[in-house]
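Lettering of chains follows the sequences in order, A, B, ..., and the numbering in each one begins at 1.
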Amino acid sequence: MKKILLIALREYARQVVRKAFIGVLVFPLFIIAIGGVVGYISASATINSDRGVVGYVDPGNALANAARPPADADNTFQKFDTAEAAQTALEQKQIIAYYALAPDFAVSRQAEFRYWQNEPGRSVRRAFEAFARSALLADLPPATATRLIEGATFTQTTLDGSRAFDENNIMSFVLPFIAAILFIIALFSGASYLLQAVVDEKENRTIEIVVSSVTPMQLMSGKVIGLAGVGLTQILVWLLGASAAVFLLRDRLEFLQGIAIDPGFVALAFALFVLQYLIYGAIMAGIGSIVVDARQGQSYSTPFTLGAMIPWFFLTAILFDPNGVIAVVLSLFPLTAPLTLLVRYSMTSIPAWQLAVAIGLLILTAIGAMWLAARIFRIGMLRFGQRVNLSEIAANIRF
Amino acid sequence: MSMNAASSSNNTVISVAHLAKSFGAAKAVQDVSFDVHAGEIFGLLGPNGAGKTTTIRMILDIFKPDKGEVSVLGGPMSEQKKARIGYLPEERGLYKDLTVEQCVTYLAELKGVARADIKTRAARFFEQFDLTEHRRKKINELSKGMQQKVQIISTLIHRPALVIIDEPFSGLDPVNTRLVQDLLLEQRAQGTTIIMSTHLMYQVEEMCDRLVLIDHGKTVLYGGVDEIRRSHADRAVRVVVRGDLPAIPGVIETSRKGNERTLALPHGMEPQEVLAALVAAGVPIEQFELALPTMDDIFVKVVAGGK
């Protein structure tokens, strides 16, 4: 075990200092940072332009009893006697917009919203609507009036209560998708590092020296574990970056405020990542040991990479019918299971038996793939300068 | 010549009996048997493609033999035994992106040597091999000869009881060849058993105690170096005398190189009879020896004879 750890640590250390890895690590953070800065600036700009006094012309005196917002609210309301006076104030930028209410506003609910150049955001209209409603509710007890103005938030919950979709929490729907994308990037970059590491070890002829100290299985396990660490580091750094961005921007960007991370989802994503990584790691190590160079390795690994991407091609079918035949089949097939399960998680409550069967099959496949890869590795690792053909592998695998 | 590894004694470090290994249709090794004794330098010889490397890989449990038995350090290979073996394969390399120190440390750690020990042992080796000032350089900045020295350090740093070394002198200049040769002799003096595969037959004569010659995957020659040379000797003596060489009945002078004459002996005539005749004739003898063939001659004769 100590030797496996040594190999894992060396592979980990070797990859994380590579410029290519640092690039992969930093790129999404860079995108998040750019997005954050742009979002922050535009949010600040919007908020600033939406702050200020909103005028209203109320010939029918319908809003006489309206509850005045506190003085430090983003919007306060000023009554004008005539539309002309309000227009002048607007042109002089004393107010950001004004409402011209119909004389029979209390009955007709007709009003015109006038602004200068830029249309104020929804928050301004919502604030005025609340102000107008408060006039109609002036006779009710304050608590009742407040409830009526705030309205209701609906939360859809699945029958078993395992999944809830809060209309204010759009992120609970989006997060699994983001996780699925991160998952696939980390999986394939980890697997391609592994392929490269095995090919490198063959190319620089260190493999035979190493296997005189450790068994081929130890060497392969060490590499798989070390590079799983690299993939997890990648995900972790991205998540930390995203969390930092959310933390910094949550006061500014409304959609971030409802973010709640579901621990069940995190646990599922982690388990799926580890299992699928072990399967792909074994496949890549096996391929790395039988090819001559990295380019040949890439062409051998492409079919497997496409295999894991199959759920993307069926994304529409999965989204429209998350418990349909396609979704269920893809959830159970080990190569496509992780991505399908992650996408379905956001759409539906996945039956427990499906999760259990899918994870069980993934575990069995991972064990089988590691076993097979270790044997292929033994056959291919010392074949320098020539690839090993399939019939030779079949003839030399001993069950 | 014994081909039966079952006759191994307590002194035996490696015992290989009737090994066979095929890759597809290619029979890499068909029937190889030999014993390696403790504290000797054992030559593993053979032409290219004879099956030497496959045999070594089976000894090290890198390949599983199709047939035959291998016993290493008293039994089958185990993880503990791997830590007592130093192996320098023919296809060897180093981690080019690591420094000399990092590379040696990593390979020694895989052999289970503690970090503190690695540091002191490596410092001594770097000094001995003139690598101290290069120890922080990356491997790919070193010349081929220097890389070869780093590889030899990595093979010996864990103080193995058994060293298996394939072509230890390839890529080395005469000075470093001498350095490595001395180092291997020093290791033998300390009791280390060494299996050496080389194409340099004069090195075999100089360094090896015993050898096996493999050809077409089979053992064709096995035994002590002197014993083999003697058994392949033509019936001839080499003589250097002052003055003229008197005629010795039955003996034919076959060649003359400077003062040295090679005399072929007829069947039934012993070298002692030649010596006695020379002494009786009162000729001052400066040199008298059996005309033993070189290992090079034997190698060519055996391998060419097998074709």
Side-chain angles (χ1 to χ4, degrees), chain A residues 1-21 196-197 199-219 222 226 289 374-375 377-386 388-398, chain B residues 21-26 28 53-54 56-57 59-64 66 72 77-98 102-113 115 139-140 147 150-152 154-155 157-158 160 162-166:
Chain A
M1 193 62 208
K2 197 185 162 203
K3 288 179 179 177
I4 294 177
L5 204 64
L6 265 173
I7 295 166
L9 283 174
R10 206 198 92 67
E11 283 303 331
Y12 182 85
R14 183 169 169 241
Q15 287 299 334
V16 293
V17 297
R18 281 195 167 181
K19 282 185 193 138
F21 177 74
Q196 187 64 47
V199 173
D200 278 355
E201 192 108 23
K202 262 187 95 173
E203 279 185 336
N204 62 26
R205 304 288 194 263
T206 41
I207 203 158
E208 195 167 0
I209 297 175
V210 175
V211 293
S212 74
S213 301
V214 302
T215 62
M217 188 67 179
Q218 284 174 323
L219 176 60
S289 67
R375 265 142 193 85
F377 195 76
R378 197 186 261 273
I379 299 162
M381 67 183 175
L382 298 176
R383 197 66 67 83
F384 303 119
Q386 60 181 122
V388 182
N389 58 39
L390 287 177
S391 58
E392 199 175 330
I393 293 169
N396 281 283
I397 288 176
R398 293 177 185 178
Chain B
K21 175 79 184 171
S22 297
F23 298 102
T53 302
T54 306
I56 291 176
R57 287 173 179 173
I59 292 173
L60 289 168
D61 199 36
I62 295 171
F63 289 159
K64 302 280 181 204
D66 296 339
V72 181
M77 179 60 85
S78 67
E79 200 169 329
Q80 288 73 29
K81 284 181 187 170
K82 282 189 173 183
R84 295 171 61 200
I85 299 172
Y87 177 41
L88 186 59
E90 187 181 10
E91 291 277 8
R92 54 191 168 229
L94 296 163
Y95 295 98
K96 300 200 182 321
D97 52 344
L98 295 188
Q102 287 170 330
C103 195
V104 168
T105 304
Y106 174 62
L107 293 173
E109 277 184 314
L110 285 182
K111 289 287 187 190
V113 187
R115 278 231 165 176
I139 297 293
N140 58 11
Q147 290 188 21
V150 177
Q151 283 158 346
I152 288 170
S154 302
T155 311
I157 193 162
H158 56 290
L162 169 65
V163 171
I164 301 178
I165 191 161
D166 209 341

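- Figure legend: A:R10 and B:Y95 shown as a cation-pi pair, the cationic atom lying under 6.0 angstrom from the six-membered ring centre and within 45 degrees of its axis.
- Atom CD of B:E79 and atom NZ of A:K2 lie 11.0 Å apart (nearest 0.5 Å).
- Considering all non-hydrogen atoms of both residues, A:S212 and B:L60 come closest at CB-CD1, 4.5 Å.
- Taking CG of A:L6 as the reference point, atom NZ of B:K111 lies at 13.0 Å (rounded to 0.5 Å).
- The parts of A:I7 that come within reach of chain B are both its backbone and its side chain, each placing non-hydrogen atoms under 4.5 angstrom from that chain.
- Heavy atoms of B:Y106 lying under 4.5 Å from chain A belong exclusively to its side chain.
- When the heavy atoms of residues 81-90 of chain B are compared with those of chain A, the residues falling under 4.5 Å are B:K82, B:Y87, B:P89, listed by number.
- For B:L98, the part lying near chain A is the side chain, with the backbone staying farther off; criterion is any non-hydrogen pair under 4.5 Å.
- The shortest side-chain heavy-atom distance between A:V210 and B:L107 falls under the 4.5 Å cut-off.
- Every residue meeting the side chain to side chain donor-acceptor pair (under 3.5 Å) condition with B:E109, not counting sequence neighbours, appears here in chain and number order: B:R115.
- The two atoms that bring B:T53 and A:E208 nearest to each other are CG2-OE2, 4.5 Å, heavy atoms only.
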